[in-house]
Amino acid sequence: MKKDEVRCLGIECTAHTYGASVVSSSGRILSDVKDIYKPPEGRGIHPRECAQHHSEVGLRVVKEALREAEVKLEEVDVIAFSAGPGLGPCLRTGATLARALASLLGKPLVRVNHAIGHIEIARLTTGVEDPLIVLVSGGHTVITTYVDGRYRVYGETLDITLGNLLDMFARGAGLPSPGGPLVEELALKGSVVYELPYVVKGNDISYSGLLTASLKRLRSGAKLEDLCLSIQEHAFSMLAEATERALAFTEKKALLLTGGVAANRRLRKVLSQVAQEQNASFHVVPAKYAGDCGAQIAWTGILHYLHGDVSPLEESYVKPKWRLDEVDVPWRGKG
Ligand code: AMP
Ligand code: MG
């Protein structure tokens, strides 16, 4: 540990995951601990029940993150938390603990945008400097890159996210949560691709019609494996089309896939082909940091802190609908 190295404790709590992590300013991830809320079978996340889970596990997760990092609470220099976007009650559990720790220790507090956390942890762990980014998770489906002080959006979902699509279809089929990995496994056994809604408007995507039509087909007796294959092929092709246009337009030389759905092998294959056709390199966030985690918040907290971007306690509110293109990212410099 160098003398001038700064250590940040980051808390993630936007939805199902309560995560905590300690990351140093040299980019070393010293710990990453999580406890994930699982809704009762057949149901989605109920914000109040999920927040109840978070308030029960929060302190233990933070203590474990400190122990794993071999850092005492007093040795933490900065506290960061995910302030949005996410479920209000869940966000408030993390914010409350972060504020309490910051005021107890007299340490600076940083509000982190969760989507920027997904992007920065992917840049840190892959080492890619200036990519076009595809962020696909339970909360996001967005194509973005850095231009002039902010991450700008070059395409996004107009309704539900890719993670929602897969999870809600799986739930409709009676599969447990999270549905994405199960849809991926079942799709491998499918052999027929049904015609389903394929909706790209401008460079934005709509998945809700695909979900409705798929559930209807399921009720009328279509084979589950074939439907999983069909949903993936349609959903990933829409995303590929928008990504290809964004790559051609921005002329970025690298494509970076991040967020929980980045674990899907078929999606990786489809997007790697897009990158190849546009002469860009292709990168994927490591599986360990693909889903929501404390490390994404701790590392982004460091980046904000090193640029003097901290929040006074009275301004440390949560923002459930916080868009990534509202956030200044001074650490990227001229882009
Ligand atoms: P996050 O919100 O970033 O934690 O990501 C969670 C989302 O990723 C959920 O919607 C999961 O169903 C989805 N997911 C995780 N693994 C896979 C996979 N192998 N294929 C598709 N979706 C996945
Ligand atoms: Mg997420």
Side-chain angles (χ1 to χ4, degrees), residues 10-19 21 32 34-39 43-45 47 50 54 81-87 90-91 94 112-122 125 133-142 144 156-157 160-173 175-188 190 207 210-211 214 227-236 239 256-271 284-297 299-300 320-324:
I11 298 177
E12 158 56 30
C13 56
T14 50
H16 44 63
T17 300
Y18 197 98
S21 158
D32 190 53
K34 53 176 95 165
D35 191 314
I36 300 177
Y37 168 73
K38 273 203 186 299
R43 281 181 36 197
I45 297 178
C50 186
H54 289 357
F81 70 100
S82 50
L87 304 170
C90 300
L91 291 169
V112 171
N113 177 289
H114 175 83
I116 295 197
H118 273 301
I119 293 170
E120 293 305 341
I121 197 71
T125 51
I133 300 132
V134 175
L135 165 56
V136 277
S137 65
H140 292 91
T141 298
V142 61
T144 180
E156 62 188 322
T157 178
I160 57 172
T161 65
L162 181 51
N164 281 157
L165 166 70
L166 302 172
D167 291 345
M168 286 162 84
F169 174 76
R171 203 182 314 141
L175 300 170
S177 157
L182 301 170
V183 171
E184 178 177 17
E185 287 311 312
L186 288 165
L188 292 173
Y207 283 138
L210 176 55
L211 174 64
S214 305
L227 269 175
C228 289
L229 174 65
S230 308
I231 291 175
Q232 284 201 165
E233 291 311 303
H234 282 73
F236 298 168
L239 189 62
L256 174 59
L257 178 62
T258 185
V261 190
N264 188 291
R265 282 155 290 177
R266 177 66 185 150
L267 178 61
R268 292 177 185 197
K269 179 98 182 110
V270 169
L271 290 183
V284 185
V285 68
K288 189 171 182 332
Y289 304 111
D292 296 352
C293 61
Q296 73 186 83
I297 304 305
W299 173 238
T300 312
K321 293 198 186 301
W322 200 10
R323 283 180 62 88
L324 87 163

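Source: prediction; values computed, not measured. Counting convention: from 1, in listed order, for ligands and their atoms alike.
Under 2.8 Å from the Mg ion (ligand 2), one finds the following protein N/O/S atoms: His114 NE2, His118 NE2, Asp292 OD1.
Using a 4.0 Å cut-off between a side-chain N of Lys or Arg and a carboxylate O of Asp or Glu, Lys34 and Glu12 do not qualify as a salt bridge. Contact check on Arg265 versus Glu184 returns a salt bridge, with a Lys/Arg side-chain nitrogen under 4.0 Å from an Asp/Glu carboxylate oxygen.
Ring planes of His140 and His114: parallel class, angle under 30° (limits at 30 and 60°).
The nearest heavy-atom contact from the protein to atom 20 (N) of ligand 1 is Asn264 ND2, 3.1 Å. Looking only at protein heavy atoms, the nearest one to atom 2 (O) of ligand 1 is Gly138 N, 3.0 Å. Looking at atom 1 (P) of ligand 1, its nearest protein heavy atom turns out to be Asp292 OD1, 3.4 Å.
For ligand 1, the atoms sitting less than 4.0 Å from at least one non-hydrogen atom of Leu166 are 21 (C), 22 (N), numbered in the order shown with element in parentheses. Atoms of ligand 1 lying under 4.0 Å from at least one heavy atom of Gly163, given by number and element, are 10 (O). Listed by number with element, the atoms of ligand 1 under 4.0 angstrom from any heavy atom of His16 are 2 (O), 4 (O).
Here OG1 of Thr258 is found 6.0 Å from CG of Leu135. Values are rounded to the nearest 0.5 Å. Expressed to the nearest 0.5 Å, how far CG of Leu271 lies from CG of Leu267 amounts to 4.5 Å. The line from CG of Leu227 to OG of Ser214 is 6.0 Å long, rounded to the nearest 0.5 Å. Here the CZ-CD1 distance, from Phe169 to Ile231, works out to 4.0 Å after rounding to the nearest 0.5 Å. Interatomic distance, CD1 of Ile116 versus CH2 of Trp299, reported as 14.5 Å (0.5 Å rounding).
For the pair His118 and ligand 1, a heavy-atom separation below 4.0 Å is found.
Residue nearest to atom 13 (C) of ligand 1, selected from Val261, Thr17, Val136, Thr14: Val261 (by heavy-atom distance). Taking all heavy atoms of Gly260, Gly180, Ala187 into account, the minimum distance to atom 15 (C) of ligand 1 is reached by Gly260. When the options Glu184, Glu12, His114, Arg266 are ranked by their closest heavy atom to atom 18 (C) of ligand 1, first place goes to Glu184.
Using a 4.0 Å cut-off between heavy atoms, Asp167 contacts ligand 1 through its side chain alone, with no backbone atom that close. Under 4.0 Å from ligand 1, not a single heavy atom of Val183 appears.
Inspection of the His118 and Asp292 side chains reveals an N or O donor paired with an N or O acceptor under 3.5 Å.
The closest donor-acceptor contact from the side chain of Thr141 to the backbone of Leu162 lies under 3.5 Å.
Residues His16 and Lys38 fail the side-chain proximity criterion, which asks for heavy atoms closer than 4.5 Å.
Across all non-hydrogen atoms, the minimal contact from Ala262 to Arg268 is O-NE, 2.8 Å.
At a 3.5 angstrom cut-off on N or O pairs, Gly259 does not count as close to ligand 1.
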